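The structure appears below as structure tokens.
A, B, ... follow the sequence lines: proteins, then strands. Residue 1 opens every chain. The figures that follow rest on heavy atoms only: side chains count, while hydrogens, waters and symmetry mates do not. Computed from a predicted structure; not experimentally measured.
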Amino acid sequence: MTTPDFTHFSPLAPAYDDRTDSDDVPIRSARLRRWSETLSLLRGHPGFLLALAFILFVLLAAAMPTLLTRFDPYATVPLEKLRAPSLLHWFGTDELGRDLYTRVVYGAGLSVQAALLAVSIAFIGGSTLGLFSGFFGGRIDAVIMRLIDVMLALPSLLLALVIVTAIGFGTLPVAIAVGFGLLPGFARTMRAEVMRVKTLAYVEAARLGGAGWGRILVNHILPNASGAVVVLATLDFGVAILVASGLSFLGFGAAPPAAEWGTLIANGRKFLITAPWLPLLPGMFVALAVFALNHISRTLEEVSK
Amino acid sequence: MTSSSYSVTRRRLLLSASAVVALSATGLSTIISEAKAAGAPTQGGTLRIAFLRDNTTLVSIDPFQVYWLEHRVVLRNVAESLTDQNPQTGEIIPWLATSWQISEDGLTYTFNLRKDVTFSNGTPLNAEAVRIAFDSNKAFAASVPATFGRTYLAGYDHSEVVDDHTIRIRLSKQNAGFLQATSTTNLAILAPESYKRTPEERSRGAIIGTGPFVLKEYKPEIGIKLARREDYAWPSKAALNPGRAYLEAVEIQYIPEESVRSGQFLQGELELVWPRDPFSDVDIKQFQSINAQILSRSLPGPALNLYPNVGEGRILSDPLVRAALQKAIDRKTFAEGVYSADFPVVQGPYDTTTPYFKSQAAKLAYDPDGAAQLLDKAGWLRRDDGWRYKNGKRLTLVRPLQTAETAGDVLIQDQLRQAGIELKLEVLVAGEFLTFVSAARYDLHSTYMTRADPVVLQTILDPRYTNNSALSINAYPPETLKKVEAFFDAGLQTTSSEERAKAYAGLQDVLIDDNVAFPIYERLWQAAASPRVRDFQWTSEGFALFNDIWLDGTA
Amino acid sequence: MKTYIISRITQALLVLLGAYTITYVILYLLPSDALSLMLTASGVDADTLSAAQLAEARHHYGLDRGVVDQYLHLLGNLLRGDFGTSLSTGSSVTTLLADRLPQTLMLAGCAITLSVTAGVGFAYTATWLRWRPLRLALRRLPALGLSVPVFWTGLLLIQIFSFTLGWFPSMGNKGFASLVLPAVTLSIPSAAIYAQVLMRSFDDVWGESYIATARAKGLSRAQIQWRHVLRNAALPILTLIGLQIGNTVSGAVLVETVFTRVGVGRLAQESVLRQDIPVVLAVVTISAAAFVTINLIVDLLYPLLDPRIARAAKVT
Amino acid sequence: MTGTSQEPIIDLTDLSVRYHSGNQIVDAVKQVSLTIAPGEVVAIVGESGSGKSTLANALIGLLSDNAEVRTGTIQVGGEDMTHASEGQWRTLRGRVVGLVPQDPMVSLNPTMRVGRQIGEAVERARGPRGRSLDADVLELLEQVGIDQPVLRARQYPHELSGGMRQRVLIAIAIAGQPELIVADEPTSALDATVQRRILDHLDVLVKGRGISMLIITHDLGVAADRADRVLVMQAGRIVEQGPPASILRAPAEPYTRALIAAAPAFRAPLSQIGAKPVTATLEILRFEAVSKVFALPGEASWFGRGPKPLFQALDQVSFSVHTGQTLAIVGESGSGKTTSLRIALGLDKPTSGRIIFEGRDITGLGWNEFRPLRRRIQLIQQNPFASLDPRYTVFESIVEPLQSFGKYTAAELQARARQLVDQVRLPRLALNRLPRELSGGQRQRVAIARALALGPELLFLDEPVSALDVSIQAQILDLLGDLQRDLGMSYVLVSHDLAVVSAIAHQIVVLRGGRVVEHGAAGQVFGNPQAAYTRELLEAIPGRVA
């Protein structure tokens, strides 16, 4: 006898008024609805767009450096050495006369590659461990958590040094070493998220609806738990760049003449007094890249709330 | 950021590149003329020196074992040797031994010792002490065959104490370099008490010498402290100050961080900055902003050479490629680009201050077109990617580097790139570096030693004297090896200068003609001294006489 | 409470053992042959020795034992406080560490205290300020602190405060002044992390109902921030400090290299280059032990600060 | 500062408040006028979103930053506070106006002792008290009826029960001897019996000191029982006000009439409840002497050998559910009603006793053996806001049980979904909506549709409407009644709210401390309750007195 009440007003959920009943209602999947919404929200953040543009620039530099500079990163011109930044050489030249801006652009490829590899190692390894310990709990959880504590106990940079010395210099070993350091972060985040989602009512409802744990894991727990992990991934991408540059600063980077950002800073530090732009500009570039990534991940986090 | 422009009254660096007659090694050290005119030296003060870093592979300060240049500078003023070497002429002059006689067959050396010399623990320096020193060194060299001092002692059999101040040294086989060896820090004489201690203890500083300074403290990788010896009165002839040192103490620090080291010096925290690599013109300009003095000394011994691996199957086994490689290196641009405009261009396998040096400048001219023709003739044809290939294989030469590459390494890499040769710089950790080199997996490798006698090259390039090190075995095609060994023996088995001059001249010609040594740059050791430092004097092997140095309070 | 402490201690020891084992495995199974390494480190050229000499040297360094009982042998020594002898300097690792550990402990200690005070102070002011633009700017600043490479900040600070202004020495271990710049450099990343986490936790606490109760009592914003918000919001910092130990040691390696301070960090880095295995193993074990102890202390401290844990709720 | 006796404590004229959140503008309060005389008790009744909390906050100056007072004036204790500064408001709070906040479980600082939180209010209102502060605090604790005040003062909030925490909050409110107390939903988070005792105590305190009080509530019964004057608010406006008796007997406004009709307590005189014919039908589910004991996480004895402290959740509970009928399990928090629900659903295993479903013993069945029964037993959870996966559309949530049990083509699923949506009276367009775009009532309808997907015979309802507004509650209860009639389903309703139970229950079981204190037909239990506890429960229903 009572008609459904749609005039009901709740400040949170926008009221809608669908009176029409029709058989042929097209049923669209939820996924595209969610993507279109989040993108529209992101457009509202100017800072986010600026950060995104800078990161796209870095990724372009990593993928196709030739587009961004016409200098050859390896051609030495000793007579042109240690020139201050000018219109010709935006970042000036290094101790062998090579264009520093070009070396930073070409360095992007190595640094981004190392960071990307490191984050994917940490993401895959960490998330699986976190999933197992969060999902099964009990003894498995205890064992995995102690393993994570062990990895946290080991100083990441020192361990990275040891790993790189064990498997040799170059971008891949650096990536493995850095990935090993980031893994605990992903494991702890995924574990916390899985444990949170596992106890929610809609998981119990699905369970009582006859769904097996496998189906619940794939359809409910993982999608809802992975939000936080994706945000962490963007954040840790920046951290990976920093740690990788730390390693190459200590001389564990790629073989010369190629140079990661950390190597550029390391080589430049000899000229801190005489040619300060040599160590300081690459450092600023790295800081901006990591700051942009940091900003992107924070905005993603705020939007997904 | 020092902004002073390049000072117009540029201080002339005494780096004459003139060809030098074999024996008279013209002094290339800079003599600070003004120092003498500034009146009598003032007493006291501490000389603070900053070196690059400590030797981390062999942590030792035991004179016999040490090859590390920075340590030998210190030891030169703590432990003294029988003889000294005139830095300008290379001639052996008296020190602890006032005079000596060498037998005709060159197997017996008799030294007459000074009578007034005592060790810092008070015991007298007499023939018995010298015998104990030589015999202990001989025993140690037998137990640790690879130790650096062993080649200096080559041929030593035993010593006889003739009387309290005369000692006769017997050699089992001829060693022309032995007299020069007695002037080096490696054969310095320690007190008998030091030889009772274990080698490790001596390495960590348990050394008692007769020098003007006493070793107060040695903290590996941190620094060294020396204190003046009050009753010192028996310097070598090369020294200006006959008696007690003017300085009260010398403090040595290791500062690997270059900007920090230069910063400390510019702020007056240090009197002497003495890194291992020469200064670039940027550094020199910066130092001259506080009118610092730039002190340079070309170090006797081999120049910074690359030695090839001509083992079978290696690319450099082909003489044409080696010849092309020699022409593809632009040594003038290297000297100007990496260091400074008036940096000497290397002229041969030896540095110019090495006795019996013979210039090969003519054969080392930069000739990229010549190199290109030779490579084409050898079948290495250039492709559009800039590299040269021969039946599908790229012309790649591997050069191992320990821990880190320098700007010079990368410059050579790029010069070879322009000739189409890929120089792969393999940066390795200490452990891997040694296994890599001993397995001869390199194409080009470099090492050097400092000693003011050409025989030093034997410890690098003569398989019979390097315990068959991979470098010496693989450096020559068979026919060149025979010629090289002949010249080395000729140079070793005679004590007459003319014979040695002819032998080593022939040696230097063969090394360059057969392209088994590729000189890169002259090994110049440079230091920057604050204006207050007076009477800084280089010894023949590039060390410093601390007891001459004094600090002018006024400057 | 007691069983809780016991179980935490056993877990801590387990973690320490795990850390030691992983480092041992990586270090001792390095591809390059340990013996040739050790020989060259003590000035002997491995390939010049005869087979007999090699065997004798292998025994001397205890390399002829199987990997496992070598591990147990070393562990046995470790428990007796003997870290073995350093390969390159020949002196015992314990003395080597003894004269370098104080430098690093002082540096790490100052850096941690600095970062905690800066982190909490920053979050406190950033959440308390009313003026919106400044509030927004302060919110983004920690992210910048996190993005700047440690060694780069070090170089920058040397350039400004040491060479241009000449306030502080740019290197060395002498006295307190030489500690200022390195400690500041090392503290920046941790302070940034603390600031970021605490700002979020301060905001959360301001949103709690008991803050409305406090305002209803008529307390001023300052009183509420001090008496109610600070205590509850600052709780997460304890666990954070525990986690930051690893980063502090890593940071020390870089900072000591840039500031030429002779500490454990630099020693570890050079020992890795020299493959001086016992020293690296000792340094990693000590930093793992520091991590484990500090986390244990944090776990025991937590109930004192958060009564909800200490006094298990009785069912009334 | 306190006004003369006859001047009104609160004098609002034509007050409008607007919220700015992002680009959305929300007018929460529209032209409201209100006066409260000294000593008078006024109650404001309204559903969530009616603006009643905004009004309360406006009176004490606790409006959030993004709120804007657009029109009207606020006079508190004779002072015009419309655009008062934070400083001016501070002098008022505690001394003139006291606040009793809503949820006692989170309204006390968890890391500060209770005594100190009260002491803070005392010192704030009456200046530094020095040593006599403790005495003031103990006195206040006694006044609000807390036992062992010395012990309680040193305890932390988490060590006190919900009721005691509410009393502490009252002590804080009256610490400054205010002239007006604003009580925002004072007891809605507590059990009925506890609620009644606290409100009685509050009345005594307020009347004794001549303080005026403003009660904010969504429960018409509470308003009617406690207030001299009742105001009904809807969508930001006061639609009606007057003495409770006239409001209840002769409501002028249609919205007030709808509110009264929807509130189960007033709908039908209790004695006629349960007039549903109790035809003897088959028995679908039976509990036989089911007991359940939990080991407490508390401190085992030192060496871990001694017996761990145990908690008896259920003690020999027996009841039966008849097909097509509703059995209600009633009890307060900690009575064991939820435990019995979990045991029936196979989520927990009983320590002893048997559960029979359609004649078959299903006690202790493993997950897989129980799975086929999932098609025939389903659950409707309490909180509609958490029972639906935020990433699933309504369609995907509803058809999930079907997908778990069998293979269906997309067309079959869509057809079934449309059928189910119609059954729960939701528009078909809702199928594409995400949960966050629906109201509480609509989400509960989706949950019901999901439960019906497999065509179950037995439906467990865990406090199905307690999270919803009164008017929506009525619609959901009606829907459940219709579904039971049409599909012949049997229900087991678990609830603490007797008013809700009376709407749809045939049989009632009353639980207390894990034991069945009463079991019988609804009419008989409501008509003449045998157990004293049942009587106490019935009397605690707010609004019965009228």
Review point. If you round to the nearest 0.5 Å, how far is CD of C:E270 from CG of A:L161?
Key: 11.5 Å
Check your understanding: C:V280 versus chain A, heavy atoms under 4.5 Å apart: side chain, backbone, both or neither?
Key -> side chain
Review point. Could you go step by step and tell me if C:I158 and A:R269 meet the side chain to side chain contact (heavy atoms under 4.5 Å, CB included) rule?
Key: CA-CA 11 Å; C:I158 289 178; A:R269 72 189 211 231; over 6 Å; no
Point to revise | Gap separating the CG atom of C:L156 from the CE atom of A:M284, nearest 0.5 angstrom | key: 7.0 Å
Practice item. Select, from A:L235, A:V243, A:L280, the one with the greatest count of heavy-atom pairs under 4.5 Å involving chain C. Key: A:L280
Check your understanding: If you count heavy-atom pairs under 4.5 Å with chain A, which of C:V283, C:T285, C:L254 comes out on top?
Key -> C:L254
Review point. Is a side-chain donor or acceptor of C:W152 paired with a backbone partner of A:P279 at a separation under 3.5 angstrom?
Key: yes
Exercise for review: Specify the closest pair of heavy atoms between A:P155 and C:V249, including all atoms of both residues, with the distance to one decimal.
Suggested key: CB-CG1, 3.7 Å
Practice item. Identify the two heavy atoms, one from C:F291 and one from A:D149, that lie closest to each other, and give their separation to 0.1 Å. Key: CE2-O, 3.8 Å
Practice item. Would you give the length of the straight line joining atom CD1 of A:I163 to atom CD1 of C:I26, rounded to the nearest 0.5 angstrom? Key: 4.5 Å
Practice item. Rounded to the nearest 0.5 Å, what's the gap from CZ on C:R139 to CZ on A:R298? Could you check? Key: 8.5 Å
Exercise for review: Pick one of side chain, backbone, both or neither for A:F249, based on which atoms fall under 4.5 Å of a heavy atom in chain C.
Suggested key: side chain
Check your understanding: So which heavy atom on A:V150 is nearest to which on C:G18, and how close?
Key -> CG1-C, 3.7 Å
Review point. CG/A:L242 to CZ/C:F151 distance, rounded to the nearest 0.5 angstrom?
Key: 7.5 Å
Check your understanding: When you look at CZ of A:F54, are more than 12 heavy atoms from neighbouring residues, nucleotides or ligands closer to it than 6.0 Å?
Key -> yes
Point to revise | Side-chain heavy-atom pair C:L243, A:R188 within 4.5 angstrom cut-off | key: yes
Check your understanding: Roughly how far apart are A:L159 CG and C:I22 CD1, rounded to 0.5 Å?
Key -> 7.5 Å
Review point. Which region of C:L144, side chain (C-beta onward) or backbone (N, CA, C, O), has a non-hydrogen atom less than 4.5 Å from a non-hydrogen atom of chain A, or is it both or neither?
Key: both
Exercise for review: Using non-hydrogen atoms and a 4.5 Å limit, figure out which bit of C:L146 sits close to chain A: side chain, backbone, both or neither.
Suggested key: both
Point to revise | Note, C:N295 side chain near A:L152 side chain (heavy atom, < 4.5 Å) | key: no
**Study point:** Closest non-hydrogen atom pair between A:A153 and C:V15, with its separation
**Key:** CB-CG1, 4.1 Å
Revision key, fill the gap. Counting heavy-atom pairs under 4.5 Å with chain A, the top scorer among C:S287, C:P189, C:S271 is C:S287
Point to revise | Region of C:V258 that comes under 4.5 Å of a non-hydrogen atom in chain A | key: side chain
